[in-house]
Amino acid sequence: MDVNAITEKLIRGELIDEAGFAELIRADSPELRAALAGAAREKCRAVYGNAVHIRGLIEFTNYCKNNCFYCGIRAGCKSAERYRLSEEEILSCCREGYELGFRTFVLQGGEDPFFTPERIENIVRAIKKAHPDCAVTLSVGEHPKEVYALWKQAGADRYLLRHETADKAHYESLHPAEMSFENRMRCLRDLRALGYQVGCGMMVGSPGQMPETLARDLVFIQSFRPEMVGIGPFIPAKDTPFESEKAGTLEMTLLLLSVIRLILPEVLLPATTALGTIHPRGREMGILAGANVCMPNLSPVSVRKKYALYDNKICTGDEAAQCLGCLGARIRSVGGEIVIARGDSKLKP
Ligand code: 5AD
Ligand code: FES
């Protein structure tokens, strides 16, 4: 099938197969990106208007027991300066965020054994008690179903767990043998079954990724129908096995944002910090390509540089209020408007 036919099918909301997505990816060009972005923004506007949802990201621990080859806070990364926020510090980030207009808090951290299921349960309960009108999103990695259930019971609304890649062999080339593709997918299924709004996603341009690999990710997204999809370019991190690899590109990330918006018009799609890191206007371009979420940092400035998943991360020196002011101006510059709302997904099951 030719690329125009695939694009039209995509815009009509018809299913595309792996070969079709691979063809689209291989055909990447400024013209194709512009066509997809135009259609993607139109779909986004029909569902969400010009609203851009903001989520306050609290990076509460950079300890991690895992050793993902790409990640700057992997256990083996000796140069990472480790920190943990206390429950009181986390609550104070939420208080400050609430004053600024945030109604979703995303607790993100490495898989840190110090934060036992019960500790995280207590933190979720405390946030929901202090801010009953807010959504709590957890992003703390792989856990048994019972643990996910405990946190859901405590009031957690959403869970972000990027699938990283839907190709088993590629998954194994990005992770050590202790981690498995099957467990990752098991986690996503369990989260869904427990009633979480679920976010998956992948890096763009990770080492060894091919058009076919990305096509497989898109087929997975099309069939799993997550409420949220987080994608950003791979950016090498120092002192990791991938420190000398090439970064993913702005262009491919933008193309994929548009394709994902067309696959799932109701999806919550962030213009990620990684996208803002590879290009000074990356997040604005992300919104123009169909993204409708931004996740500024609410972590205390004293720890921000330490949550270095990759090198040269932006927004590590700014107070939450400055960051929000900057982001608001950026979003308005592309015709968007920040909204104060929980911003639940409009995805129909
Ligand atoms: N470059 C870009 N993204 C990264 N992540 C981890 N390391 C990197 C990197 N070097 C992403 C992963 C993870 C999310 C929290 O950050 O996809 O799931
Ligand atoms: Fe963080 Fe611009 S959004 S400083």
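First listed ligand is number 1; within each ligand, the first listed atom is number 1.
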side-chain hydrogen bond (donor to acceptor under 3.5 Å, both in side chains) against Gln209, all qualifying residues, sequence neighbours excluded: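 Expected list: none.
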
Summary of ring-ring contact (aromatic ring centres under 6.0 Å, His included) pairs that have at least one residue in residues 278-330, sequence neighbours excluded: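 Found none.
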
Plane angle bin for His163 and Phe220 - parallel if under 30°, tilted between 30 and 60°, otherwise perpendicular: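 Plane angle between 30° and 60°, so tilted.
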
Inter- and intrachain pairs under salt bridge (Lys or Arg N to Asp or Glu O under 4.0 Å), touching residues 40-59, at least two apart: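 Output for this query lists Glu59-Lys313.
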
Value rounded to 0.5 Å, distance of OH in Tyr171 from OG in Ser206: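 If I round to the nearest 0.5 Å, the distance is 12.0 Å.
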
Heavy atoms of other groups near Asn312 CG, more than 12 under 6.0 Å: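 Counting other residues, nucleotides and ligands, CG of Asn312 stays at 12 neighbours or fewer.
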
Neighbouring protein residues of ligand 1 - any heavy atom closer than 4.0 Å: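 Ligand 1 is contacted, at a heavy-atom distance under 4.0 Å, by Tyr70, Cys71, Arg162, Glu164, Met203, Pro233, Phe234, Ile235, Leu309, Tyr310.
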
